[in-house]
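Read through the structure below, which is laid out as structure tokens, and then see the notes.
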Amino acid sequence: MAAAGPEIERLIGLLAKLPGLGPRSARRAGLALLKKREQLLLPLAQALGDAADRVKVCQACGSLDTTDPCAICADPERDRSLICVVEEVGALWAMERAGAYRGRYHVLGGLLSALDGVGPDALKIGGLVDRARDAGVREVILALPATVDGQTTSHYLADRLAGADVAVSMLARGLPVGGDLDWLDDGTIAQAVRARRPA
Ligand SMILES: [Zn+2]
């Protein structure tokens, strides 16, 4: 791709490192930015600079915010007896969008994975165990993905939390809202049957 100058190549090369963007879509995105200088390129450059200057990791829960502790940890209206464990900040955002949870969070920073060589030391597990022992914490909710690594991590965390005086729960697996049985995979239907409850 020597048709463009080094600044453009650098821009596209960096865009291509973003999740979900391969070289081809990075070229399209880069071109769109360069063509829309006022509407896109300059505001994006400003937003990137602001984020780089101001966003930090919350030392309590591992979330990202412009304050440390983050707005959720600092919110006195949040139920301090609940800690919801998520894999990454994106999952925390999804939980917040759902609006069904009013406790605090703990971002693990990944999942245990024998295949990828991710052991307990690579994740924020010690901090979770410490927080679970805090006075006033009643329940730790494991909101990890329904994958092999997610399950492995949940079981490991349940073991590690056994010494703390807290209830440990997992999110239910089952039918999605609006889900038609005909369209669901066997694993989801089997989970839903096992997790059935009185009507
Ligand atoms: Zn926080």
Side-chain angles (χ1 to χ4, degrees), residues 56-65 67-179 181 184-199:
K56 43 198 149 217
V57 176
C58 173
Q59 293 305 307
C61 73
S63 183
L64 296 171
D65 204 341
T67 56
D68 175 20
C70 69
I72 291 175
C73 285
D75 184 351
E77 301 285 295
R78 290 273 172 168
D79 185 343
R80 304 185 79 80
S81 72
L82 301 174
I83 297 174
C84 176
V85 181
V86 291
E87 176 186 0
E88 280 296 353
V89 178
L92 183 159
W93 291 344
M95 286 288 293
E96 287 295 292
R97 283 199 302 275
Y101 175 71
R102 291 294 298 166
R104 291 177 300 160
Y105 292 92
H106 190 88
V107 180
L108 274 188
L111 297 173
L112 296 176
S113 169
L115 216 59
D116 298 328
V118 182
D121 293 344
L123 307 177
K124 298 202 179 76
I125 293 176
L128 172 65
V129 175
D130 289 345
R131 289 181 73 197
R133 290 176 192 277
D134 279 356
V137 175
R138 272 188 305 117
E139 182 178 354
V140 174
I141 302 166
L142 304 175
L144 298 176
T147 58
V148 172
D149 289 347
Q151 303 282 77
T152 305
T153 309
S154 288
H155 288 129
Y156 179 82
L157 292 179
D159 273 356
R160 288 287 303 268
L161 291 164
D165 186 23
V166 291
V168 180
S169 61
M170 282 187 217
L171 292 191
R173 318 258 184 246
L175 303 187
V177 173
L181 286 187
L184 295 176
D185 64 282
D186 302 350
T188 301
I189 294 175
Q191 283 273 17
V193 172
R194 284 197 290 271
R196 70 189 184 281
R197 57 188 172 76

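D79 contributes atom CG, which lies 6.0 Å from atom CZ of R138 (distance to the nearest 0.5 angstrom). Note that OG1 of T153 is 4.5 Å distant from CG of L111, once rounded to the nearest 0.5 Å. Annotation: the span from I72 atom CD1 to M95 atom CE amounts to 10.0 Å, rounded to 0.5 Å.
Note on E96 versus R78: salt bridge recorded, some NZ/NE/NH1/NH2 to OD/OE distance being below 4.0 Å.
When all heavy atoms are compared, the tightest approach of V107 to S63 is CG2-N, 3.9 Å. Closest approach of P120 to L112, counting heavy atoms only: N-CD2, 3.4 Å. Between G126 and R160 the shortest heavy-atom distance is CA-NH2, 4.5 Å. Closest non-hydrogen pair, L161 versus V166, comes out as O-CG2, 4.4 Å. Closest approach of E87 and P145 over heavy atoms only: OE1-CG, 3.3 Å. Smallest separation of non-hydrogen atoms from A143 and C84: CB-SG, 3.7 Å.
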Notebook entry, point to check: side chain to side chain contact (heavy atoms under 4.5 Å, CB included) between L128 and L123: does it pass, once the steps are laid out?
Noted result: CA-CA 10 Å; L128 172 65; L123 307 177; over 6 Å; no
Note to self: Go through it in stages, so that I can follow the logic: the residues are R131 and C61, the test is side chain to side chain contact (heavy atoms under 4.5 Å, CB included), and I'd like the CA-CA distance, side-chain angles, deciding distance and then a yes or no.
What the structure shows: CA-CA 9 Å; R131 289 181 73 197; C61 73; 3.8 Å; yes
Margin query: Assess the residue pair H155 and M170 against the criterion (side chain to side chain contact (heavy atoms under 4.5 Å, CB included)); give the C-alpha distance rounded to whole Å, side-chain angles, the decisive distance to 0.1 Å, and a yes or no.
Written below: CA-CA 10 Å; H155 288 129; M170 282 187 217; 4.2 Å; yes
Check: Could you walk me through whether V140 and V85 pass the side chain to side chain contact (heavy atoms under 4.5 Å, CB included) check?
Finding: CA-CA 7 Å; V140 174; V85 181; 3.6 Å; yes
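Side-chain contact check for L142 versus L171: every heavy-atom pair is 4.5 Å or farther apart. Counting heavy atoms from C-beta outward, D68 and K56 have side chains that approach closer than 4.5 Å. In this structure, the side chains of V168 and E139 stay at 4.5 Å or more apart for every pair of heavy atoms. In this structure, the side chains of S81 and V137 stay at 4.5 Å or more apart for every pair of heavy atoms. When side chains are defined from C-beta on, L144 counts as touching L157, because their heavy atoms get closer than 4.5 Å. Looking only at side-chain heavy atoms (C-beta outward), T152 and T147 stay at 4.5 Å or farther from each other. Two residues are said to be in side-chain contact when any heavy atoms from C-beta on lie closer than 4.5 Å; V148 and L115 fail this criterion. A 4.5 Å side-chain heavy-atom check between R102 and D75 finds at least one atom pair inside the cut-off.
Among residue pairs with one or both ends in residues 184-199, those qualifying as side chain to side chain donor-acceptor pair (under 3.5 Å) are D185-T188; sequence neighbours excluded.
The 12-atom threshold is exceeded at CG of D130, counting heavy atoms of other residues, nucleotides or ligands nearer than 6.0 Å.
Partners of D159 by side chain to side chain donor-acceptor pair (under 3.5 Å), not counting sequence neighbours: none found. Y101 is linked by a ring pair (Phe, Tyr, Trp, His ring centres under 6.0 Å) to Y105, counting only residues two or more places apart in sequence or in another chain.
Here the side chain of H106 pairs no donor or acceptor atom with the backbone of I125 at under 3.5 angstrom.
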